[in-house]
Amino acid sequence: GFWDLPVRVQGGLAALASFLLCGLPWIATALLAPERFETFPRPGLHEELWLSPRHWALMAFVAVCFEPATWLIHKHVMHGGMWWVHEDHHADTAYSRPELYRNDFFPLVFAVPSSAAACWVSVGFLPVPVASVVLGALAYGLAYLYVHEEIFHRRFGLPLSQLVRRQPYMKRLATAHGVHHSHREKAPEGQTSGARASEGGLAFGFLYAPP
């Protein structure tokens with residue numbers, strides 16, 4: 001199966017599948033409403049986004065609100081019914097093997113609808129504030145990617161990350177996330193693999209940790 005393929009083949013197939021899934025709304029829109037791409041992006045979109053204080057305020061609001069939303073998703077979905085996908089991340093927190101993990105596919109849950117929304121805003125099917133919401137989610141997602149994958153789990157080995165890890169707030173976040181992983185097996189008695197591990201878990205946030 002897929003998980004038995006060489007690492008490079010896994011990566012190539014995953015990248016291709018992700019590209020196709022995110023591109024599907026664009027392809028479908030171009031086929032069903034080609035006239036919408038005659039003036040792409042729609043006139044005035046740049047001004048309504050980047051020159052609008054309302055856009056920046058909404059974008060910032062969504063980015064901030066994504067932390068409690070992600071907390072709920074992490075606790076009740078990733079450590080709930082979708083634990084079978086998230087479990088391999090807890091089984092190998094140091095990313096000791098180079099191949100993909102099932103957990104790596106979770107971002108597609110947000111990426112595909114976001115790509116569709118961006119397309120439909122660009123062609124005028126959706127109002128501009130939807131783009132502000134998408135960009136706020138993107139800002140949070142990029143921060144999550146760096147903090148969780150690199151600062152917490154040292155996955156990429158990026159320069160200056162060690163300096164970032166020394167900052168007091170990052171130390172607090174890393175400590176909280178370490179507590180989360182240390183409680184990963186607090187599940188119903190006698191269950192480990194596939195268990196609803198949220199029942200005893202702690203610290204489900206990513207970018208905020210209480211003092």
Side-chain angles (χ1 to χ4, degrees), residues 1-52 54-67 69-70 72-74 77-78 80-86 88-89 95 98-150 155-156 158 206:
F2 176 82
W3 303 106
D4 299 319
L5 294 172
V7 175
R8 289 186 179 180
V9 176
Q10 282 187 14
L13 290 175
L16 178 61
S18 300
F19 178 79
L20 289 175
L21 286 170
C22 290
L24 189 60
W26 296 81
I27 296 169
T29 304
L31 291 173
L32 297 173
E35 70 281 358
R36 291 285 182 162
F37 287 88
E38 291 175 2
T39 54
F40 178 86
R42 69 175 184 77
L45 181 60
H46 178 273
E47 291 75 14
E48 290 183 63
L49 275 178
W50 308 116
L51 302 182
S52 167
R54 179 185 176 188
H55 158 71
W56 291 105
L58 180 56
M59 183 177 163
F61 176 75
V62 171
V64 170
C65 287
F66 242 77
E67 175 66 9
T70 303
L72 292 170
I73 293 169
H74 190 192
V77 177
M78 298 170 79
M82 297 299 288
W83 172 246
W84 63 276
V85 178
H86 188 54
D88 62 356
H89 169 59
Y95 291 110
E99 59 263 32
L100 289 171
Y101 293 71
R102 288 185 178 88
N103 188 68
D104 291 330
F105 290 92
F106 264 118
L108 285 174
V109 173
F110 299 100
V112 175
S114 295
S115 178
C119 172
W120 297 331
V121 169
S122 297
V123 299
F125 284 158
L126 292 176
V128 173
V130 174
S132 304
V133 172
V134 169
L135 290 168
L138 175 63
Y140 178 88
L142 292 174
Y144 158 81
L145 177 67
Y146 179 70
V147 172
H148 180 264
E149 299 296 303
E150 174 63 14
R155 191 170 190 180
F156 307 125
L158 298 177
F206 293 110

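For clarity, every value in this text was computed on a predicted model and none was experimentally measured. Hydrogens, waters and symmetry mates play no part in the numbers below; they use all other heavy atoms, side chains included.
- A heavy-atom distance below 4.5 Å is found between the side chains of Leu100 and Trp3.
- Closest approach of Val128 and Val121 over heavy atoms only: CA-CG1, 4.2 Å.
- With values rounded to the nearest 0.5 angstrom, Asn103 atom CG is found 9.5 Å from Trp83 atom CH2.
- For Pro107, there are no side-chain contact (heavy atoms from CB on, under 4.5 Å) partners two or more places apart in sequence or in a different chain.
- Taking every heavy atom of both residues into account, Leu108 and Pro113 meet most closely at O-CD, 4.0 Å.
- Two residues are said to be in side-chain contact when any heavy atoms from C-beta on lie closer than 4.5 Å; Phe66 and Phe110 meet this criterion.
- Residues passing the salt bridge (charged side-chain N to carboxylate O under 4.0 Å, His left out) test with Glu149, sequence neighbours excluded: Arg155.
- Judged as a side-chain contact (heavy atoms from CB on, under 4.5 Å), and not counting sequence neighbours, Phe19 has no contacts.
- Using a 30° and 60° split on the angle between ring planes, His55 and Trp50 fall in the perpendicular class, above 60°.
- Scanning both residues, Pro129 and Leu58, for their nearest heavy atoms gives O-CD2, 3.6 Å.
- At least one side-chain heavy atom of Phe106 sits under 4.5 Å from a side-chain heavy atom of Val85.
- Smallest separation of non-hydrogen atoms from Ser122 and Phe40: CB-CE1, 3.4 Å.
- For residues 30-46, the set of pairs meeting the side-chain hydrogen bond (donor to acceptor under 3.5 Å, both in side chains) definition, not counting sequence neighbours, comprises Arg42-Glu48.
- Annotation: ring pair (Phe, Tyr, Trp, His ring centres under 6.0 Å) contacts of His89 (sequence neighbours excluded): His86, Tyr95, His148, His153, His181.
- Here the SG-OH distance, from Cys65 to Tyr140, works out to 11.5 Å after rounding to the nearest 0.5 Å.
- Residues Thr70 and Phe206 meet the side-chain proximity criterion, which asks for heavy atoms closer than 4.5 Å.
- Residue pairs meeting the side-chain hydrogen bond (donor to acceptor under 3.5 Å, both in side chains) criterion with at least one member in residues 20-33, sequence neighbours excluded, are Trp26-Ser115, Thr29-Trp120.
- Under the side-chain contact (heavy atoms from CB on, under 4.5 Å) criterion, Leu13 pairs with Phe2, Leu5, Val9, not counting sequence neighbours.
- Taking the side-chain contact (heavy atoms from CB on, under 4.5 Å) definition, one finds that Leu138 meets it with Leu135, Leu142, sequence neighbours left out.
- Smallest separation of non-hydrogen atoms from Val62 and Ala137: CG1-N, 3.8 Å.
- Listed by chain and residue number, nothing satisfies the salt bridge (charged side-chain N to carboxylate O under 4.0 Å, His left out) test with Glu67 (two or more places apart in sequence, or in another chain).
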